[in-house]
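Read the numbers this way: they start at 1 and go in the same order the structure lists the ligands and their atoms.
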Amino acid sequence: MKHLVLLGAGHAHVHVLEGLAAHKPRDVRVTLIAPVDAQLYSGMVPGFVAGHYTLDECVISLKRLIETSGVQFIEGSAASIKADIQMLTLSDGQVIDYDVLSLNTGASIDFEKIEAVMPGARKQAMFVRPMPVFVKLWPQALALAASRPLHLAVVGAGAAGLELAMAAAHQLRGPAYPPGSRITLVTGSLAPAQSYPPSVQRRVLRTLEHLEITVVQESCVAVNEGELVLGSCAKLPCDVPLLAIGVQAPAWLANSGLALDEKGFLAVDHFQQSTSHALVFAVGDVASRADSPHSRSGVYAVRAGPPLLRNLLAGIGSQALTPYAPPARTLNLLSCGSRYAIAAWGPFSVEGGWVWRLKDRIDRQFVQRYSV
Ligand SMILES: Cc1cc2nc3c(=O)[nH]c(=O)nc-3n(C[C@H](O)[C@H](O)[C@H](O)COP(=O)(O)OP(=O)(O)OC[C@H]3O[C@@H](n4cnc5c(N)ncnc54)[C@H](O)[C@@H]3O)c2cc1C
């Protein structure tokens, strides 16, 4: 029996599990290692913050897929990999050997690195990631907002920061909360939505204005109790600082022996195979395509699932691998707090209630497909 180890239950691995449930080769033993047998679907988290979804609606339960695929589930997290001897160690000390290893663990937050550039953040701020922690803390912020108006400041104006600021504005201005809560978006040196084309930037700015979200184009350099310190030394009073400022590579990759990119993410080729170790595959935010770099987003992680399944089965059976080209552009759907969204496809964009309904349908179908 060959041993295939799936590390992390990210977007692509749920598809691999579905594929194995339909057909698992008899001579392959598969182990899934993840902190829980469920996956919080990030695309719906802003909708949870806005009050459109319950937390349960945003979670893909993997129980059924694990059962039907005959995969062994180990509840745990990888703490180190020794790729040269095909072995990984979990944080509880368990050692696991593999014939083929597939990583879909997402990216990490390096709290020490953030604390170095933003002293006080670790103690005073709420972080969007890890998302399972954030979704447990958010109801506490809402409970506070129910007792008095809050000033919430979102630091970071990428897709996640924008969606969360708009979602929070929608929720806190609702009938369950006293009037007067304020939302500020601290964007760093760039204007909001800089990674989007100009037409989307204009739509985002209009929406932020409509939602009365104050945009501060400055960096946050420290977080004190009750305030953010900005690059200009100005202080922004704030009850709830929410950090949505990008991701880092998992620290446990550093001494793995695997080839990494300049930021420490696992370097993979057109087969989504490690550029240094043929028995290791990686997809999603943990990986960097050396041949065809693309942004880190759930859409790319989802699309990587079917070719990953094919190549894992081929790899473990010593058959030829199939190259995979990530899409040159993807449909980006940005929810705007209320049941309204902006769609971006390359330079083109549209917005409306129907865009939100489309996003809602796609997201719910994704969660239901793998849970039910
Ligand atoms: C608020 C928010 C909204 C977003 N909305 C969108 C959106 O609408 N569309 C979009 O395309 N992208 C969106 N993103 C980005 C998206 O969340 C990520 O790009 C995506 O989750 C990456 O998917 P992944 O499969 O690589 O990993 P993840 O979804 O991060 O999954 C990784 C899994 O691996 C597990 N894991 C982690 N470490 C270990 C370990 N050491 N050992 C074992 N298991 C481990 C985790 O618990 C998790 O289950 C959003 C991000 C945020 C923060």
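Of all the heavy atoms of V128, the ones lying under 4.0 Å from any atom of ligand 1 belong exclusively to the side chain. Residue-level proximity to ligand 1 for N104 is carried by backbone and side chain together, each with a heavy atom below 4.0 angstrom. Contact annotation for W252 and ligand 1: only side-chain heavy atoms (C-beta onward) come within less than 4.0 Å of the ligand. Residue-level proximity to ligand 1 for H13 is absent, since no heavy atom of it falls below 4.0 angstrom. Contacts between S297 and ligand 1, counted as non-hydrogen atom pairs separated by less than 4.0 Å, involve both the backbone and the side chain.
A perpendicular orientation is assigned to the rings of F127 and F111, their planes being inclined by more than 60° (bins at 30° and 60°). Relative orientation of the F134 and W138 rings is tilted, given thresholds of 30° and 60° on the angle between their planes. Using a 30° and 60° split on the angle between ring planes, H52 and W356 fall in the perpendicular class, above 60°.
When only interatomic distances are considered, the shortest N/O to N/O separation between A78 and ligand 1 falls below 3.5 Å. Checked by distance only, ligand 1 and A38 stay at 3.5 Å or farther apart across all their nitrogen or oxygen atoms. Annotation: P35 places no N or O atom under 3.5 Å from an N or O atom of ligand 1; distance criterion only. No N or O atom of S77 sits closer than 3.5 Å to an N or O atom of ligand 1.
In this structure, the side chains of I342 and V355 stay at 4.5 Å or more apart for every pair of heavy atoms.
Using modelled atom types and a 3.5 Å distance limit, the side chains of S199 and S349 yield a donor-acceptor pair.
Taking the charged nitrogens against the carboxylate oxygens, D261 and K263 have no contact shorter than 4.0 Å, which rules out a salt bridge. A salt bridge links E57 with R364: the distance from a Lys NZ or Arg NE/NH1/NH2 to an Asp or Glu carboxylate oxygen falls below 4.0 Å. Taking 4.0 Å as the cut-off between side-chain N and carboxylate O, R339 and D360 do not count as a salt-bridged pair.
Heavy-atom proximity to atom 21 (O) of ligand 1, evaluated over M44, H11, R296, is greatest for H11. Across R303, R129, E75, heavy-atom proximity to atom 15 (C) of ligand 1 is greatest for R129. Remark: among candidates T105, L7, I33, L162, the nearest residue to atom 38 (N) of ligand 1 is T105, based on non-hydrogen atoms. Of the listed options A34, G305, S42, S42 places a heavy atom closest to atom 14 (N) of ligand 1.
Distances below 4.0 Å separate heavy atoms of E163 from the following atoms of ligand 1: 5 (N). Less than 4.0 angstrom separates some heavy atom of G43 from each of these atoms of ligand 1: 5 (N), 8 (O). Counting atoms of ligand 1 from 1 in the listed order, those under 4.0 Å from a heavy atom of V299 are 10 (C), 11 (O). The contact set between ligand 1 and D285, taken as ligand atoms under 4.0 Å from a residue heavy atom, comprises 18 (C), 19 (O), 20 (C), 22 (C), 26 (O). Residue-ligand proximity, G284 to ligand 1, at heavy-atom distances under 4.0 Å covers atoms 26 (O).
At the top of the distance list for atom 28 (P) of ligand 1, counting protein heavy atoms only, stands Q39 NE2, 3.9 Å. Considering only non-hydrogen protein atoms, atom 52 (C) of ligand 1 sits nearest to A160 CB, 3.6 Å. Counting only heavy atoms of the protein, atom 12 (N) of ligand 1 lies nearest to G298 N, 3.0 Å.
Heavy atoms of K359 approach ligand 1 to within less than 4.0 angstrom.
Here the rule is side chain to side chain donor-acceptor pair (under 3.5 Å) with D363, and of Q365, K359, R361 only K359 fits it.
Checked by atom type and distance alone, the side chain of S371 never pairs as donor or acceptor with a backbone atom of Q368 at under 3.5 Å. Side chain of Q217 to backbone of V186: no donor-acceptor contact under 3.5 angstrom is found. Checked by atom type and distance alone, the side chain of Q201 pairs as donor or acceptor with a backbone atom of Y196 at under 3.5 Å.
Remark: R296 is positioned above the aromatic ring of F265, its terminal NZ or CZ atom under 6.0 angstrom from the ring centre and at most 45 degrees off the axis.
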